[in-house]
Enquirer: 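Sharing a structure here in structure tokens format.
Remember, predicted model here, so these are calculated numbers, not experimental data. Note: hydrogens, waters and symmetry copies are ignored here, and every other heavy atom, side chains too, is used. The chains referred to below are lettered A, B, ... by the order of the sequence lines, with proteins before strands, and numbering in each begins at 1.
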2 protein chains.
Amino acid sequence: MTDHYELTMLAAALRDGTAERDCVFEVFARRLPEGRRYGVVAGTGRLLEAIESFRFGEAELAQLERTGVVDERTLAWLADYRFTGDVDGYPEGELYFPGSPILSVRAPFAVGVVLETLALSILNHDSAIASAAARMVSAANGRRMIEMGSRRTHEEAAVASARAAYLAGFTATSNLEAGRRHGIPTAGTCAHAFTLLHDSEEDAFRDQVEALGVGTTLLVDTYDITEGINTAIRVAGPELGAIRIDSGDLGVLARQARDQLDSLGAKNTRIVVSGDLDEYSIAALRAEPVDAYGVGTSLVTGSGAPTAGMVYKLVEVDGRPVAKRSSSKESRGGRKNALRRHKDTGTALEEVVFPHGEQPELGEHDRLLPVPLMRAGDRAEGLDSLAQSRERLRAALVSVPWEGLKLSRGEPAIPTTFR
Amino acid sequence: MTDHYELTMLAAALRDGTAERDCVFEVFARRLPEGRRYGVVAGTGRLLEAIESFRFGEAELAQLERTGVVDERTLAWLADYRFTGDVDGYPEGELYFPGSPILSVRAPFAVGVVLETLALSILNHDSAIASAAARMVSAANGRRMIEMGSRRTHEEAAVASARAAYLAGFTATSNLEAGRRHGIPTAGTCAHAFTLLHDSEEDAFRDQVEALGVGTTLLVDTYDITEGINTAIRVAGPELGAIRIDSGDLGVLARQARDQLDSLGAKNTRIVVSGDLDEYSIAALRAEPVDAYGVGTSLVTGSGAPTAGMVYKLVEVDGRPVAKRSSSKESRGGRKNALRRHKDTGTALEEVVFPHGEQPELGEHDRLLPVPLMRAGDRAEGLDSLAQSRERLRAALVSVPWEGLKLSRGEPAIPTTFR
């Protein structure tokens, strides 16, 4: 999980003696995806684990030797690699804005340079998914959200997407491995295939209820929805847990289904809708009798923004600020710190980014954003659990100005001030 | 890598006796991404390996037991799981169109149903990347293409993306693990960080040339490009391999750089450009003196279409065609076969999808598309290597009508006829 150029830089730096220079690398996003009001930091937990176990094993070293990517000295250095630096950063679940110093890695050049791809892959992917998911959760306004997008993304990205969605407030995921690996609740009952497998929809429903109980969710849109709902209640009785509708005009169908279920006495049977939902269609269904949303494609593809576009830049060498100076990709040198200012009401006002050494004046409702994440290569003590990060994001979103929670395109919810 | 509902369906089917019914599941795309003219089948090689090694291990079974997702009988069945069915499908590197039967899985319901998420995750991801990559390769018109998008996607998706890009004709990847795992050439030299690490650009260039040789690529846009090129040639001499420009107006800069290199006697020093390139900007640079493109974000995000949108549908049960009938997601029941008709010149005319049992009339230039991929759970003999799939795609693209290779939005390059 390393780019070729990281190791050629390493080889050159080991050769010329610059490998040991004390460096700070910073992760930040130059801008939010087009029209987005805020970003959600996600993947930090996965990244810290990945850094702790980042090694070059025998198979990797043999490949590097065979292909001549690096010289003997570098191979020997890589064989002993273990991250030994410090990492500070925004805790997972925190909001970020353009220029927020999301992560800083302090280490000798050689130790820090090889983490660029790993750090960016994890943070860019997970933050893109969590940022989209948070908008969907806002749009759903407290209703249950089930992540079911695994089939629309890479098989491992699927597990990470489920984790990011849960962080952002989704209730459950369809992905069993995400349940096992990250302790996320999983959900699911049956697909159309189960109905088609049977000689009739009634047979399928009866067998499903016998196997999974009347609390199950019956998928009623394989043939005719009205008929399907009648059959569902006839088979399961009015105590049926839920029905799911996966196609068609979901608003109209939800209303009709609610009326029909009520008229059949199934007043507590919930309605789950799925099928190409995104934050906009979720919001459009707010007035309809929908109890839960299943969201797939738009979630795992970041709803139009599949990557967060963060970069990993060298900002300090032996205490001296450094920065690229040519053209549009200019950046600010020097290690940074950041705080968020809030009104007395708790509403966020601005993100202030300032030089790392400075002692800022903190108002009563202001807070410093970065926290220690790793010290001398070990994870810092007292790091948040996924559940705590989830709660952190929920609280942070409450502080966003009302304008910034709108789904429509616009400027970042709060400005970033560089000092 | 399985969705919850696959196992609850399995549990219900084992209970009611339908688990052993002889089923055919088919993978197809209802449509191509908006405006695309063709799709590229990719991921088949990865999928067959994943199916062969698909097992439920102790940790997975323990989790399923603890969470009560399935009953005892199903746990015992899963513990012995091994895929035993047949798989046929379009070979990797083949083109596909709306409705093409890209993959068919024939197996007892229980054996086939648990593969839905795995099959779709791999095919949807890899095909989306390869389909975007093929357009970029067409636009580059024979110039070298280096995939460098790992940092913009999930760390494992990055490896699969590099593979899909190579399949589609990219020359090399920055991702070392893709080199190790899939035998793809890797490339890379230095980032801006290497220049910033040193006391001067000249120091950095000298050390890089000493470590990597004069054939290396020097990144000249950290400070001032004109100055950077002068320094590069002063340090490396006119035999310098290449320079890279990563920002700014790449067309203008490439022309200026070419003139400057030529005037310095570095007539064979190549120009590599990178920085937010996609198929359109690559095409726009066709008239400029660019020797190689480095492509990142747009490649790994499928250039606007990050998933191929394929589905995995039950189409046949005990020889009887089955299909969902309600609303917009209707599909065609029955197992299918497909052929592609061509003119005498070799140009493709139409994709014909027909019932599996039928014997079609094949013209001299027509060919059947699906091939055997697995038999009784083992991979079929004589499957293509990645290099062969790459050559297959190259040949298939030559057969696409001229209109269908245009980058502009439009209809599929050839129509699909369902018989």
Side-chain angles (χ1 to χ4, degrees), chain A residues 1-5 8-9 11-12 15-16 18 21 63 109 117 120-122 124-125 150-158 160 174 176-177 180 186-194 196-198 207-208 211-212 221-224 247-248 297 301 306-307 314 317 322 324-329, chain B residues 1-5 8-9 11-12 15-16 18 63 109 117 120-122 124-125 150-158 160 174 176-177 180 186-194 196-198 207-208 211-212 221-225 247-248 297 301 306-307 314 317 322 324-329:
Chain A
M1 314 300 172
T2 311
D3 275 342
H4 190 119
Y5 81 175
T8 43
M9 281 191 274
R15 201 169 182 285
D16 73 15
T18 52
R21 291 190 174 180
Q63 167 76 7
F109 179 77
T117 306
L120 290 179
S121 288
I122 293 177
N124 274 326
H125 176 268
S150 294
R151 64 195 55 197
R152 299 282 189 249
T153 187
H154 182 279
E155 66 274 21
E156 277 291 340
S174 65
L176 288 169
E177 179 63 6
R180 189 183 74 79
T186 61
T189 57
C190 280
H192 296 112
F194 190 77
L196 296 174
L197 170 70
H198 288 77
D207 292 341
Q208 183 180 334
L212 306 175
D221 70 341
T222 303
Y223 304 116
D224 174 89
S247 51
T297 307
T301 59
T307 183
L314 181 62
V317 179
V322 297
K324 180 171 183 295
R325 279 203 308 267
S326 80
S327 97
S328 59
K329 285 187 184 168
Chain B
M1 314 301 172
T2 310
D3 274 342
H4 190 119
Y5 81 174
T8 44
M9 281 192 272
R15 200 169 182 284
D16 74 14
T18 53
Q63 167 77 6
F109 179 78
T117 305
L120 290 178
S121 287
I122 294 177
N124 273 326
H125 176 269
S150 294
R151 64 194 54 196
R152 299 283 188 249
T153 187
H154 182 280
E155 65 275 21
E156 278 289 342
S174 65
L176 288 170
E177 178 64 5
R180 190 183 74 79
T186 62
T189 56
C190 279
H192 296 112
F194 190 76
L196 296 173
L197 170 69
H198 287 78
D207 292 342
Q208 183 180 334
L212 306 175
D221 70 340
T222 303
Y223 304 115
D224 175 89
I225 294 179
S247 52
T297 307
T301 59
T307 182
L314 180 62
V317 179
V322 298
K324 181 170 183 297
R325 278 202 309 268
S326 80
S327 97
S328 59
K329 284 189 185 168

Enquirer: So which part of A/Thr297 gets closer than 4.5 Å to some heavy atom of chain B, the side chain, the backbone, both or neither?
Expert: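 Looking at A/Thr297, just its side chain touches chain B.
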
Enquirer: Between chain A and each of B/Thr222, B/Thr301, B/Leu212, count heavy-atom pairs under 4.5 Å; write down the option with the most.
Expert: B/Thr222

Enquirer: What's the separation between atom CD in A/Glu177 and atom OG1 in B/Thr2, rounded to the nearest 0.5 Å?
Expert: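 Result: 8.5 Å between the selected atoms.
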
Enquirer: Identify, with sequence neighbours excluded, every residue that meets side chain to side chain donor-acceptor pair (under 3.5 Å) alongside B/Ser121.
Expert: none

Enquirer: Non-hydrogen atoms of chain A under 4.5 Å away: do they reach the side chain of B/Arg15, the backbone, both or neither?
Expert: side chain

Enquirer: To the nearest 0.5 Å, what is the distance between OG1 on A/Thr8 and CZ on B/Phe194?
Expert: 8.5 Å

Enquirer: Of all the heavy-atom pairs spanning A/Tyr5 and B/Ala191, show the shortest one and how long it is.
Expert: CE1-CB, 3.4 Å

Enquirer: Which residue out of A/Ala211, A/Ser150, A/Ser174, A/Ala12 racks up the most heavy-atom pairs below 4.5 Å with chain B?
Expert: A/Ser174

Enquirer: Report the relative orientation of the aromatic rings in B/His154 and A/His154; use parallel for angles under 30°, tilted for 30 to 60°, perpendicular for over 60°.
Expert: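 Answer is parallel, since the angle falls under 30°.
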
Enquirer: Given heavy-atom pairs under 4.5 angstrom as the criterion, report whether the side chain, backbone, both or neither of B/Leu176 touches chain A.
Expert: both

Enquirer: For A/Arg180, is it the side chain, the backbone, both, or neither that has a heavy atom closer than 4.5 Å to a heavy atom of chain B?
Expert: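 Both parts, heavy atoms under 4.5 Å.
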
Enquirer: Of the backbone (N, CA, C, O) and the side chain (C-beta and beyond), which part of B/Ala187 lies under 4.5 Å from a heavy atom of chain A, both, or neither?
Expert: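 The backbone, not the side chain.
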
Enquirer: For the candidates B/Asp224, B/Thr153, B/Leu197, B/Leu120, which exhibits the highest count of non-hydrogen atom pairs separated by less than 4.5 Å from chain A?
Expert: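 So the answer, after comparing B/Asp224, B/Thr153, B/Leu197, B/Leu120, is B/Leu197.
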
Enquirer: Side chains of B/Ile122 and A/Glu155, heavy atoms from C-beta outward: is any pair under 4.5 Å?
Expert: yes

Enquirer: Salt bridge check, A/Asp221 against B/Lys324: does any charged N sit closer than 4.0 Å to a carboxylate O?
Expert: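 The answer is yes: the pair qualifies as a salt bridge.
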
Enquirer: Distance check, rounded to the nearest 0.5 Å: B/Asp16 atom CG versus A/His198 atom NE2?
Expert: 3.5 Å

Enquirer: Which value, rounded to the nearest 0.5 Å, describes the distance between B/Gln208 atom CD and A/Met9 atom CE?
Expert: 9.0 Å

Enquirer: Which bit of A/Leu196 comes within less than 4.5 Å of chain B, counting heavy atoms only: side chain, backbone, both or neither?
Expert: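 For A/Leu196, the contact with chain B is made by backbone and side chain together.
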
Enquirer: Checking the side chain of B/Asn124 only, and the main-chain atoms of A/Arg151 only, is there a donor and an acceptor separated by less than 3.5 Å?
Expert: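 Yes, because the side chain of B/Asn124 sits within donor-acceptor range (under 3.5 Å) of the backbone of A/Arg151.
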
Enquirer: Kindly say whether B/His4 contributes a backbone atom to a donor-acceptor pair with the side chain of A/Thr186 at under 3.5 angstrom?
Expert: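 Flag not set: sc A/Thr186 to bb B/His4 has no pair under 3.5 Å.
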
